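All heavy atoms count here, side chains included; hydrogens, waters and symmetry mates do not. It should be emphasised that the depicted structure is a prediction, and the values quoted were computed from it without experimental measurement. Proteins get letters first, then strands, A, B, ... in listed order; numbering begins at 1 in each.
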Protein chains: 2
Amino acid sequence: MNDQVFSDLDLTSLLSLSYNSTINELHEKLSELGFDDIRPAHGFMFKCIIPNGATGIEISEYLGITKQAVSKMVDFLEKSGYVMRQTHPTDKRGKIIVLTERGWLVVKAKEKILTEIEGRWSAKIGSERVQVLKGDLLKIIFKENEGEYSSFSRPIW
Amino acid sequence: MNDQVFSDLDLTSLLSLSYNSTINELHEKLSELGFDDIRPAHGFMFKCIIPNGATGIEISEYLGITKQAVSKMVDFLEKSGYVMRQTHPTDKRGKIIVLTERGWLVVKAKEKILTEIEGRWSAKIGSERVQVLKGDLLKIIFKENEGEYSSFSRPIW
DNA sequence: ACAATATGGTCAATCAAGTTGACTATGATA
DNA sequence: TATCATAGTCAACTTGATTGACCATATTGT
């Protein structure tokens, strides 16, 4: 196999590498803190739940998977103590998924870790450049013609 | 569920969104060109194969999956005409996976599409800024302390 | 030289995370 | 109030990975 020439990477590969290395570091650190059963998709779900809970259907639309798959994920996360199913206040068919105390702990830990990582980047390229970077990425994901953000790709965590 | 405030996204989410939207667009366009059976992992494998072929073990290390999983992928890609297994020139145990003509076609198409996308970005934020962006991302994925690029995250395509 | 061990690849069984389809209970509507 | 729609769960299946066993060939140590 040919060696990868890093200085010649296209933008897509660079985005992939930087994103993946961030997510890997995040989950390594979470693992060290005892949250070793949390996968990226779980954090993605937490983002949908925060701050006031969400129904299974809402989560499934957010994650882009079926409601049955969400139900299985919630089974797992409920068993491991991160979320709870609550009865829906107005709709007796529905349930609301909310974070438990442990769920909030992992969310706080995630924020701390990501802040650290972003801080390391600021130390390396300067915080102004990080702001420019964020602004540029924001412009890039904004679909010029359609005037809205791309719908098929969603942030994890 | 709370609405996503796009202007307040952290860097990780921005990287995820921009990466995913790029990959989605790439595969949509490939699909239109008739390469609808190609998944991102396949393109990743092509990158390892180019330009002189690779053994199954090499590919498995590159992709970070088992050699058995690679073998199945190669079965699929061979059946659909993108790669071939060749006998290894010196090691009678081994085989070399190489691209077929159709395999090269999809690689060329991918390059064209990614160039278009990067060009669109240049048109939007300016090509100098795209260069800065690339340089910054490169610095970010370079692990300062260890003096080497992060090993667990690899580019797709 | 050759016995012991390591390596490349495949086969088979299994696992994990998703899917589709069927169903129940409740809600909304003609 | 009869009908249709919706939220959630159960069960069966699909897919892309895994582990373990195996064969053929290479490499190594004595």
Fill in: Residue B/Asp91, side-chain atoms from C-beta onward, closest of D/dA26, C/dT26, D/dT18
D/dA26
Discussion item. Just checking A/Phe76 against A/Tyr82, ring centres under 6.0 Å apart?
Written reply: no
Worksheet, complete the sentence: Rounded to whole Å, CD1 of A/Ile96 lies from C1' of D/dG8 at a distance of 14 Å
Discussion item. Heavy atoms from C-beta onward define the side chain here; which of D/dT18, C/dG27, C/dT19 lies closest to that of A/Lys72?
Written reply: C/dT19
Worksheet entry | Rounded distance in Å - CZ (A/Phe44) to C1' (C/dG18) | 16 Å
Discussion item. Tell me whether A/Glu116 is salt-bridged to A/Lys112, with the criterion being a basic N under 4.0 Å from an acidic carboxylate O.
Written reply: yes
Worksheet, complete the sentence: Ranking B/Val70 and A/Arg93 by the position along DNA chain D of their nearest nucleotide, the one closer to 5' is A/Arg93
Discussion item. I want to check one thing: is the phosphate of D/dG8, taken as OP1 and OP2, less than 4.0 Å away from some side-chain N or O of A/Arg85?
Written reply: no
Discussion item. Quick check on the 6.0 Å ring-centre criterion: do A/His27 and A/Phe35 meet it?
Written reply: no
Practice prompt. Check every strand shown and say whether A/Lys67 touches a base, only sugar-phosphate, or nothing at a heavy-atom separation below 4.0 Å.
Written response: base
Discussion item. Check this for me, if you would: do B/Asp37 and B/Lys79 make a salt bridge, where the nitrogen-to-carboxylate-oxygen distance has to be below 4.0 angstrom?
Written reply: no
Worksheet item: CE of B/Met45 versus C1' of D/dG16: gap in Å, rounded?
Response: 14 Å
Fill in: Distance in angstrom units between B/Ile57 CD1 and D/dA24 C1', rounded
14 Å
Worksheet item: Between A/Asp75 (CG) and D/dG8 (P), how many Å, whole number?
Response: 13 Å
Worksheet item: Just checking B/Lys95: base, sugar-phosphate only, or nothing, at a heavy-atom cut-off of under 4.0 Å?
Response: sugar-phosphate
Worksheet entry | Nearest-Å distance for atom pair CD1/P, residues A/Ile65 and C/dA17 | 11 Å
Item to complete: For the pair B/Arg120 and B/Glu25, find out whether any cationic side-chain nitrogen is under 4.0 Å from an anionic carboxylate oxygen.
Response: yes
Item to complete: Give the rounded distance in Å between these two atoms: CD of B/Gln86 and P of C/dG8.
Response: 19 Å
Item to complete: Give one of base, sugar-phosphate or nothing for A/Ser60, where a contact means two heavy atoms less than 4.0 Å apart.
Response: nothing
Worksheet item: Taking the side chain of A/Thr66 as heavy atoms from C-beta outward, which of D/dT9, D/dA7, C/dT19 is closest to it?
Response: C/dT19
Worksheet item: Taking it one step at a time, do A/Asn20 and B/Tyr19 satisfy side-chain hydrogen bond (donor to acceptor under 3.5 Å, both in side chains)?
Response: CA-CA 10 Å; A/Asn20 285 323; B/Tyr19 171 67; 5.6 Å; no
Discussion item. Which nucleotide wins on minimum distance to the side chain of A/Ala69, given the candidates C/dT19, D/dA7, D/dT25?
Written reply: C/dT19
Fill in: Contact nearer the 5' end of DNA chain C, comparing A/Lys92 with A/Met73
A/Met73
Practice prompt. Kindly say whether, by distance alone, the side chain of B/Gln68 makes a donor-acceptor pair under 3.5 Å with the base of D/dG20?
Written response: yes
Item to complete: Determine the contact category for B/Ser71: base if any of its heavy atoms lies under 4.0 Å from a base atom, sugar-phosphate if only primed atoms, P, OP1 or OP2 are that close, otherwise nothing.
Response: sugar-phosphate
Item to complete: With the side chain of A/Arg39 defined as its heavy atoms from C-beta on, choose the nearest nucleotide among C/dG9, D/dA17, C/dG18.
Response: C/dG18
Item to complete: Nearest whole angstrom, please: distance from the P of D/dT9 to the CZ of A/Phe76.
Response: 17 Å
